[in-house]
Participant: 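The structure under discussion is supplied below as structure tokens; questions concerning it will follow.
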Amino acid sequence: MTTRDAVYSDAIDAGGRRRVSVLDEGVTRLPPELDGAGNVEYKTKLDRTSGARITHLATQLQWRLAEGNGRAVYVIGVHDDGSVVGITDDEFQLTIASIHSMAQKLDNARVVSVDQRVLADQGNRIVAEVRLAQQTALPQTELRIAVLGDHGAGKSSILGCLTYGDADDGRGKARLNLLRHRHELESGRTSSIALGTIGFSPDGQMQNYANNRSAEHIYQRSRRIVTFIDTCGHAKHLKTTARAIAGYSPHVFCIVIAADAASVSPAARVYLQTAAALGMPLLVVVSKMDLAEKASFAALMHNLLATLNAAVPGRSQCMVAGSAQCGSLAADMMCLDVVPIVTTSAVRTVGFGELAAVLQGASAWRRDGKLADEPFEFHIEGVHSIDRVGMVATGWVTSGTVWSSPATDQPLVLGPDASGTFVGVDVTSIHTLRIPTSSARAGLSAALAIQPHSAALAQKGMVVVGADQANRHGRCVSGEFAAAVAFLGPEAAAAQSITVYIRSRSHLAHITDIAAAPPTSAPGTTATVRLRLDGGAQDYICPGAPVVARDGHGFVFAGRIIAPAQTPTA
């Protein structure tokens with residue numbers, strides 16, 4: 001099957017035949033232009049282009065590049081119906097200059113080559129093929145931050161102010177930029193996972209929607225990307241928050257606490273304990289400083305410091321008062337030595353400079369070099385069907401590196417399905433941070449266009465792994481496993497029925513054994529638990545992967561998988 005990778009410059013048409021080129025001698029007509037598909041654009045000439053016209057043409061170029069997986073071909077001197085007419089030398093020079101302006105307008109495109117032919121029998125008029133390509137000039141790193149806190153703490157408002165640069169009006173204006181559904185807009189309550197993005201250019205300037213027109217523009221101009229995972233604060237949507245923690249592969253937890261709160265809430269304490277159980281770097285943001293009163297705020301901070309000492313012992317706390325030392329502070333945070341505390345006000349836009357400086361330092365510290373050398377593993381968070389591409393899986397490369405199929409013979413498998421088996425797949429194209437690339441490495445979010453070797457459907461929570469790695473390095477498909485956890489809720493007991501979150505999948509399960517010293521499962525206790533998935537269910541078990549469990553009242557425990565508890569099955 002022909003994909004977007006079969007582009008005009010490769011001289012292949014949609015049927016796999018050699019495409020007629022305007023550069024071929026004697027060619028007087030081409031097939032009509034495909035307006036709604038493909039990466040080929042016919043232009044007679046572009047000799048009169050205003051600023052508005054260049055902007056429109058640049059948008060058209062961006063679409064053609066997307067259709068060609070980062071490559072596009074402009075055929076000059078040809079009408080839309082395919083008639084080869086040619087243009088004069090002056091018109092040709094102006095047209096080429098216009099195409100360069102279009103590429104420059106996009107910031108991430110360049111003219112690769114210009115091939116021309118002179119029509120001697122038509123007064124030496126010129127026809128040409130201009131090939132363009134998207135480029136990623138900046139080596140990039142991505143830092144994913146799970147933003148957690150109570151309903152009404154100001155999580156979405158802080159992210160809306162940070163990602164869009166707009167001050168809040170005190171009535172939730174800033175959060176409207178993050179909310180996805182009508183009922184969220186009406187209630188002001190986040191009920192789904194929303195993603196926000198900022199970046200930092202090589203010179204340290206923050207990139208957001210205040211100085212960029214799209215997420216793609218932010219990615220192109222940034223060396224360091226910070227992706228925020230805005231979670232739900234209300235207890236009604238706790239399952240969605242649990243899925244975000246286990247499935248979205250965050251690198252940092254950011255706990256948001258309102259400055260007008262009386263004390264640290266039980267839910268915030270659970271999130272702090274979860275960070276400790278998972279060994280996650282921790283950042284605390286105090287919001288709504290415009291509502292803080294001196295006496296009550298002092299009591300809140302005293303309570304917060306005491307809570308941090310209890311929940312994450314061994315980590316010191318530091319109030320961020322300026323941007324000068326944020327780089328070293330962020331490095332200490334990532335090393336689990338310090339918990340930075342940043343005070344902010346979305347109404348007065350106070351504290352966001354310090355917050356951005358900490359995020360920039362943390363993203364600079366983030367490195368995935370060792371993970372890139374480990375076996376390849378890709379966690380699927382979303383599945384889409386795209387015309388002329390097919391199945392596209394979005395998610396996170398948690399380890400290793402993957403290349404698109406034309407670049408390597410790397411055998412890959414997709415699964416497991418309900419029966420616990422994998423099927424072979426080919427990765428036909430790759431986007432990382434919405435940019436076409438030939439490979440994706442550990443630590444980055446990516447979109448993989450995949451073609452299964454047999455009838456199979458990718459689903460959220462599946463993995464794409466190396467064919468020779470699915471049952472090696474402790475990985476296997478199993479319905480029973482052991483995990484090192486910290487209990488977060490009321491005492492748990494063996495045979496207790498819970499919901500377990502592994503990646504973006506949830507399973508009903510039972511605790512079959514608890515090994516603790518002393519033998520108890522009270523909140524705060526660390527233990528090794530053995531779990532069995534109900535109904536004979538099986539999943540891909542990877543040592544070190546996070547696991548979160550809840551019951552009808554709240555979180556039960558959080559921790560990491562130690563090993564499958566039975567012999568590999570598939």
Side-chain angles (χ1 to χ4, degrees), residues 3-12 19 21-23 33 38-47 49-78 87 91-117 126-140 199-203 205 207 211-225 403-404 406-407 429-441 444 446-447:
T3 68
R4 289 185 185 180
D5 291 308
V7 295
Y8 187 92
S9 58
D10 295 330
I12 302 297
R19 186 188 294 274
S21 170
V22 72
L23 301 177
E33 180 187 70
N39 68 326
V40 180
E41 180 72 28
Y42 293 173
K43 291 296 181 187
T44 306
K45 59 183 178 181
L46 296 171
D47 57 346
T49 50
S50 63
R53 175 66 173 158
I54 286 292
T55 299
H56 171 75
L57 291 170
T59 302
Q60 185 183 62
L61 171 59
Q62 180 70 65
W63 187 81
R64 291 295 187 186
L65 287 165
E67 285 289 291
N69 196 29
R71 291 174 287 174
V73 179
Y74 274 59
V75 184
I76 308 303
V78 179
I87 55 178
E91 292 170 336
F92 175 72
Q93 297 301 329
L94 290 172
T95 298
I96 297 301
S98 296
I99 293 176
H100 278 283
S101 297
M102 292 155 49
Q104 186 178 13
K105 190 78 173 178
L106 291 180
D107 286 339
N108 67 330
R110 62 187 177 89
V111 174
V112 176
S113 64
V114 179
D115 297 316
Q116 65 186 75
R117 178 169 69 96
I126 298 172
V127 293
E129 283 184 4
V130 182
R131 295 175 178 81
L132 301 101
Q134 272 183 320
Q135 59 183 356
T136 306
L138 302 176
Q140 293 174 309
F200 296 95
S201 62
D203 61 1
Q205 181 183 6
Q207 305 295 321
N211 54 6
N212 293 274
R213 58 182 176 268
S214 65
E216 290 84 353
H217 205 212
I218 294 174
Y219 295 142
Q220 288 294 341
R221 298 179 64 184
S222 302
R223 182 184 297 275
R224 300 172 186 134
I225 303 295
W403 294 267
S404 55
S429 64
I430 301 173
H431 282 60
T432 58
L433 300 173
R434 304 192 187 184
I435 302 168
T437 60
S438 60
S439 65
R441 68 181 188 278
L444 293 177

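Counting begins at 1 with the first residue of the sequence.
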Participant: Do you know which two heavy atoms are closest between Tyr74 and Leu57, and how far apart they sit?
Facilitator: OH-O, 4.2 Å
Participant: Leu65 and Ala109: which non-hydrogen atoms are nearest, and at how many Å?
Facilitator: CD1-CB, 4.0 Å
Participant: Go through Leu46 and Met102 one step at a time and tell me if the side chain to side chain contact (heavy atoms under 4.5 Å, CB included) criterion holds.
Facilitator: CA-CA 11 Å; Leu46 296 171; Met102 292 155 49; 4.1 Å; yes
Participant: So, for Thr95 and Asp47, which heavy atoms are closest and what is the spacing to 0.1 Å?
Facilitator: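 Scanning both residues completely, I find the closest heavy atoms to be OG1-N, 4.4 Å.
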Participant: Taking all atoms of both residues into account, what is the closest heavy-atom pair of Ala103 and Leu132, and its distance?
Facilitator: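 Taking Ala103 first and Leu132 second, the nearest heavy atoms are CB-CD2, 4.2 Å.
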Participant: Please answer whether the main-chain N or O of Ile225 pairs with a side-chain N or O of Ser222 as donor and acceptor at a distance below 3.5 Å.
Facilitator: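 Not at all, since once roles are kept as given, no pair shorter than 3.5 Å links the two residues.
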Participant: Rounded to the nearest 0.5 Å, what separation is found between the CD1 atom of Ile54 and the NE2 atom of His100?
Facilitator: 12.0 Å
Participant: For atom CD of Gln60, is the number of surrounding heavy atoms from other residues, nucleotides or ligands below 6.0 Å larger than 12?
Facilitator: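 Enclosed.
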Participant: Test Asp115 against Arg131 for side chain to side chain contact (heavy atoms under 4.5 Å, CB included), laying out the working first.
Facilitator: CA-CA 9 Å; Asp115 297 316; Arg131 295 175 178 81; 2.6 Å; yes
Participant: Do you know the tightest heavy-atom contact between Ala440 and Ile430?
Facilitator: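 Ala440 and Ile430 have their closest heavy atoms at CB-CG2, 3.9 Å.
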Participant: Before you tell me yes or no, could you show the steps for Ser201 and Arg221 under side chain to side chain contact (heavy atoms under 4.5 Å, CB included), namely the whole-Å CA-CA distance, both residues' side-chain angles and the distance that decides it to 0.1 Å?
Facilitator: CA-CA 6 Å; Ser201 62; Arg221 298 179 64 184; 5.5 Å; no
Participant: Test Leu61 against Lys105 for side chain to side chain contact (heavy atoms under 4.5 Å, CB included), laying out the working first.
Facilitator: CA-CA 10 Å; Leu61 171 59; Lys105 190 78 173 178; over 6 Å; no
Participant: Nearest 0.5 Å, please: how far is CG in Leu94 from CD in Glu91?
Facilitator: 8.0 Å
Participant: Taking Arg117 for the side chain and Val22 for the main chain, is one N or O donor matched with an acceptor at less than 3.5 Å?
Facilitator: yes
Participant: Drop me the distance from Gln207's CD to Gln220's CD, to the nearest 0.5 angstrom.
Facilitator: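 Rounded to the nearest 0.5 Å, the CD-CD separation comes out at 11.5 Å.
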Participant: Does Ala446 offer a backbone N or O that forms a donor-acceptor pair with the side chain of Thr432 under 3.5 Å?
Facilitator: no
Participant: Looking only at atom types and distance, does a side-chain atom of Asn39 sit under 3.5 Å from a main-chain N or O of Arg71, one as donor and one as acceptor?
Facilitator: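 A pair under 3.5 Å: yes.
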Participant: Looking at every heavy atom in both Leu433 and Gln140, which two are closest together, and how far apart are they?
Facilitator: CD1-OE1, 3.6 Å
